[in-house]
Protein chains: 2
Amino acid sequence: MVNQRRKRRDQLQYILEQDPFLTDDQLAALFGVSVATIRLDRMALGIPELRERTKEMAATVHSKLRSMHGMEVIGELVQLDLGQYGISILPVSDALVFERTRILRGHHLFAQGNSLAAALVNSPRALTARAEVRFERPVYLDQRVVCEAEVEEQQYNRYTIAVNSKVDGETVFSGQFVVADVAGKEESLK
Amino acid sequence: MVNQRRKRRDQLQYILEQDPFLTDDQLAALFGVSVATIRLDRMALGIPELRERTKEMAATVHSKLRSMHGMEVIGELVQLDLGQYGISILPVSDALVFERTRILRGHHLFAQGNSLAAALVNSPRALTARAEVRFERPVYLDQRVVCEAEVEEQQYNRYTIAVNSKVDGETVFSGQFVVADVAGKEESLK
DNA sequence: CCTCCTGTTACTACCTGGTTATAATTGAAC
DNA sequence: GTTCAATTATAACCAGGTAGTAACAGGAGG
């Protein structure tokens, strides 16, 4: 009796995670119980009503897209000495990994390094010109990638930047980025 | 008279694009008109009610996250001869560019090339080992990047793949990726 | 002057997908 | 057979709408 209820509630939770767009009516039909029971179950599980669920999703997505849009640096910038040195940290979420292997897709490591390198160059028009990178070890879901970048050389408007990313002190990615500061150069930008 | 209405409707459209979470009540107060007027305006503009708007957002986001999660290849795969050759196309949306300059962030070009290169290697465990890339020209908002990748060499489990991305026939990005097929190698994957 | 037309407003009935609370029913366990 | 938890039913209420109808205000044209 109680077990049936436990089971139903477990399933309810799972089902709503899979498809949050179900009304109490549909759920009641699905489980073959009354709507009242579904409501009690939802209450017990702390699951808000359909409209609240969708509103929440829409709102978080809204802000997420906003923040992604403004995200100049991939990962969180934790240190930045302009023109010299910087550190950013990227937590490996499940959106960034291969589904099967849970290994971080390589281009995210590149993106972290690239955006940090571009941030080091104190210009609104820093563009990467070349890069040479090595993926030393695979990085897995839920790890934290600490990326370190240092300006090695500057000639005219071209910066050579060494990048080294580590997980738990072990290098997983390294590379050299050449970033050009094209401020005032590209007429087509206007 | 009619102009006031036009103006109000233009503003209404704009405001709801900025913040889709406003009820007719709030909008009426905002414009200093009655709720009925807001409803007529919405009807005329083909804007659905608050709940429909949020539901729509939540749903598209839901599927978007799903598809992003499963997105093994950045860009749309238009041709793929496994182990040999492939083409993918990436439309440059505003989420991918620098806000000020509207130039595509370099790592998206890298990501397109990298994921296409990995797709060429017919293995669920293809990992990029090295890459050497050149960003030849800036790519702008609303352009379409056509990326071509070809396997140049294969030694044991290592593939050397040449990548060339073009916009309107002009090369914007080129590089060489070394991808390793680690199937059956990494015990830690289990 | 009156009339017509447009834009706006007010009012009513109804809908969905809930909430809260209270009471009645079921069923299994002791 | 009683008892107690789980379930169900019932009623009143709410937000944020839709749909439709009627009234009103104000300027343009006759």
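For the numbers below, each heavy atom of this structure counts, side chains included, while hydrogens, waters and symmetry mates do not.
- Between A:Arg6 atom CZ and D:dA5 atom C1' the separation is 16 Å, expressed in whole Å.
- The side chain of A:Arg8 places an N or O atom within less than 4.0 Å of a non-bridging phosphate oxygen (OP1 or OP2) of D:dT7.
- Counting only residues at least two apart or in different chains, salt bridge (charged side-chain N to carboxylate O under 4.0 Å, His left out) contacts with residues 134-151 of chain B comprise B:Arg134-B:Glu136, B:Arg137-B:Glu170.
- Atom CZ of A:Arg130 sits in a sparse spot, with 12 or fewer heavy atoms from other residues, nucleotides or ligands closer than 6.0 Å.
- D:dG16 atom P lies 11 Å from atom CG of B:Leu22, rounded to whole Å.
- Rounded to an integer number of Å, the gap from CG of A:Leu40 to C1' of C:dG18 is 14 Å.
- In the region residues 23-37 of chain B, proximity to DNA chain C at under 4.0 angstrom, judged on heavy atoms, holds for B:Val33, B:Ser34, B:Ala36, B:Thr37.
- Annotation: cation-pi pair B:Arg53/B:Phe21 absent, no NZ/CZ under 6.0 Å from the ring centroid and within 45° of its normal.
- Heavy-atom distances under 4.0 Å link DNA chain D to no residue of residues 46-53 of chain A.
- Ring planes of A:Phe110 and B:Phe110: parallel class, angle under 30° (limits at 30 and 60°).
- Annotation: the terminal axes of the helix from C:dC1-D:dG30 to C:dC30-D:dG1 meet at 20°, where each axis is the rotation carrying the C1' atoms of four end pairs onto the next four (5 pairs per end, rounded to 10°).
- With C:dG18, C:dT8, D:dT8 as the choices, the nucleotide that has an atom nearest any side-chain atom of A:Arg42 turns out to be C:dG18.
- Partners of A:Arg39 by salt bridge (Lys or Arg N to Asp or Glu O under 4.0 Å), not counting sequence neighbours, listed by chain and number: A:Asp24.
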Sort me out a list of protein N/O and nucleotides 19-23 of chain D N/O pairs below 3.5 Å, or just none if empty.
none

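- Minimum heavy-atom separation, A:Ile47 to A:Leu16: CG2-CD1, 3.8 Å.
- When the C1' atom of C:dA10 is taken as reference, atom CD1 of B:Ile38 falls 16 Å away, rounded to whole Å.
- Closest of all the heavy-atom pairs between A:Ala149 and A:Leu116 is CB-CD2, 3.7 Å.
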